[in-house]
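Report on one structure; see the data block that follows.
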Amino acid sequence: MPALIDSHAHLNDPAFAGDLNAVLGRLKEAGVVAVINVGYDVPSSRRAVEQAHTWPFIYAAVAVHPHDAATFDSEAEAVIGGLARDARVVAVGETGLDYYRNLSPRQRQQEVFRWHLDLARTLRLPVIVHDRDAHGDTLRILKKAAPFPAGGVLHCFSGSWEMARECLDMGFYISLAGPVTFKNAARLREIAGRVPMDRLLVETDCPYLTPEPHRGKRNEPAYVKLVVEAVAVARGLPFEAVAEATAANARRLFGL
């Protein structure tokens with residue numbers, strides 16, 4: 001069985017509080033050998049680090065999501081900045097812009113995004129970028145902040161091929177999640193087939209965005225196998241080739 005890496009999960013989410021050990025058992029059975037456990041606020045970033053110290057196959061990323069940018073203050077800066085220096089933290093994220101829900105003012109989202117990019121640069125860590133319905137501003141901020149010595153990834157990519165190409169030109173990886181398995185996801189499958197194999201990652205973003213045929217239920221890292229299967233079909237390659245390449249890419253980006 002080929003080794004799989006889930007490059008973006010939220011095992012720190014309350015959705016897993018009741019049966020985390022069972023979830024971890026299933027991911028091992030599915031061949032998942034590493035999980036990037038991503039923080040989205042101060043408490044979840046703390047949990048990500050704690051879980052990474054508890055299980056050797058879990059690695060942490062820390063940040064405050066754009067949804068919570070309005071409450072990001074000097075105390076949060078101090079906590080995230082401190083956590084990011086922990087030996088088990090392999091990335092700053094997820095950070096970025098979300099204009100779909102607009103839970104924080106757009107101007108504040110942009111300021112907090114830039115703060116995280118500066119932190120990643122200072123610590124020479126890759127950055128995990130969240131972009132939902134904010135493609136233009138996300139690109140503008142990334143271009144102005146470039147270059148990124150440690151690289152980064154556009155997680156759960158939802159933009160166009162043109163945007164993907166611009167991100168690739170800046171040294172970013174492109175990560176695909178459960179939506180690539182959806183019946184109406186022709187554009188995502190096109191991107192899955194066009195991104196250079198050495199710059200492609202796979203993820204679950206669990207507990208969200210559950211792939212087919214489990215859509216509507218809670219997502220978990222074991223289902224990253226279904227994302228790999230969809231990408232393999234889109235590229236016309238064996239499952240094993242995509243699994244091996246995306247795992248190698250995750251190891252390289254996150255220094256696993």
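These numbers were taken from a predicted model, which means no experiment stands behind them. Here, residue 1 is the first one in the sequence, and each next residue gets the next number.
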Which is it for Asp98 and His130 under the side-chain hydrogen bond (donor to acceptor under 3.5 Å, both in side chains) test, yes or no, and what are the steps along the way?
-> CA-CA 7 Å; Asp98 193 308; His130 173 101; 2.8 Å; yes

Neighbour count above 12 (heavy atom, 6.0 Å) for Arg46 CZ | no

Is the number of heavy atoms from other residues, nucleotides or ligands within 6.0 Å of CD (Glu162) greater than 12?
-> yes

Counting only N and O atoms by type, is there a donor-acceptor contact under 3.5 Å from the side chain of Thr210 to the main-chain atoms of Lys217?
-> yes

Which atom names give the shortest non-hydrogen contact between Leu125 and Ala84, and what distance separates them?
-> CD1-O, 3.6 Å

Set of salt bridge (Lys or Arg N to Asp or Glu O under 4.0 Å) partners for Glu190, sequence neighbours left out = Arg194

For side chain to side chain contact (heavy atoms under 4.5 Å, CB included), just list the numbers for Leu103 and His65, CA-CA rounded to whole Å, side-chain angles, deciding distance to a tenth of an Å, and then say yes or no.
-> CA-CA 10 Å; Leu103 296 183; His65 191 284; over 6 Å; no

Any donor-acceptor pair under 3.5 Å from Arg47 side chain to Asn12 backbone = yes

If you group Ile, Leu, Val, Met, Phe, Trp and Tyr by side-chain heavy-atom gaps below 4.5 Å, do Leu139 and Tyr100 land in one group?
-> no

Between the main-chain N or O of Val64 and the side-chain N or O of Asp41, is there a donor-acceptor pair closer than 3.5 Å?
-> no

Between the main-chain N or O of Pro211 and the side-chain N or O of Thr181, is there a donor-acceptor pair closer than 3.5 Å?
-> no

Min side-chain heavy-atom separation Val32-Phe57 under 4.5 Å | no

Do any N or O atoms from the side chain of Asp19 and from the backbone of Ala22 form a donor-acceptor pair under 3.5 angstrom?
-> no

Can you find a pair of side-chain heavy atoms, one from Val42 and one from Glu75, that are under 4.5 Å apart?
-> no

Is any side-chain heavy atom of Leu4 closer than 4.5 Å to a side-chain heavy atom of Lys225?
-> yes

Flag side-chain contact, heavy atom, 4.5 Å: Glu111 against Trp115 | no

Within the distance-only criterion (no hydrogens, no angle test), does the side chain of Arg88 pair as donor or acceptor with the backbone N or O of Ala52 below 3.5 angstrom?
-> yes

Would one find more than 12 heavy atoms of other residues, nucleotides or ligands at under 6.0 Å from atom CD of Glu212?
-> yes

With a 4.5 Å heavy-atom cut-off, do Glu166 and Phe172 have their side chains touching?
-> no

Considering all heavy atoms of both residues, which atom of Ala48 and which atom of Gly39 are nearest to each other, and what is their separation?
-> CB-N, 4.4 Å

Considering only heavy atoms from C-beta outward, does the side chain of Pro66 approach that of Val112 to under 4.5 Å?
-> no

Under 3.5 Å side-chain donor-acceptor pair for Thr71 and Asp68 = no

Any side-chain heavy atom of Arg85 within less than 4.5 Å of one from Leu123?
-> yes

Are the side chain of Ser45 and the backbone of Val62 linked by a donor-acceptor contact shorter than 3.5 Å?
-> no

How about Asp6 and Tyr223: does a side-chain donor come under 3.5 Å of a side-chain acceptor?
-> no

Quick one: do His8 and Asn37 satisfy side-chain hydrogen bond (donor to acceptor under 3.5 Å, both in side chains)? Show the steps, please.
-> CA-CA 6 Å; His8 192 111; Asn37 195 26; over 6 Å; no

Glu203 versus Ser7, side-chain donor and acceptor atoms under 3.5 Å | no

Is the closest basic N to carboxylate O distance between Arg140 and Asp137 below 4.0 Å?
-> yes

Could you tell me whether Arg26 and Glu29 have a side-chain N and a carboxylate O separated by less than 4.0 Å?
-> no

Any idea how His10 and Tyr40 line up, ring-wise: parallel (<30°), tilted (30 to 60°), or perpendicular (>60°)?
-> perpendicular

Within a strict 4.5 Å, meaning less than it, do heavy atoms of the Phe16 and Arg218 side chains meet?
-> yes

Co-members of Tyr173 in a cluster of I, L, V, M, F, W and Y side chains, linked at under 4.5 Å | Ile5, Val33, Ile36, Val38, Tyr59, Val90, Ile128, Val153, Leu201, Leu253, Phe254, Leu256

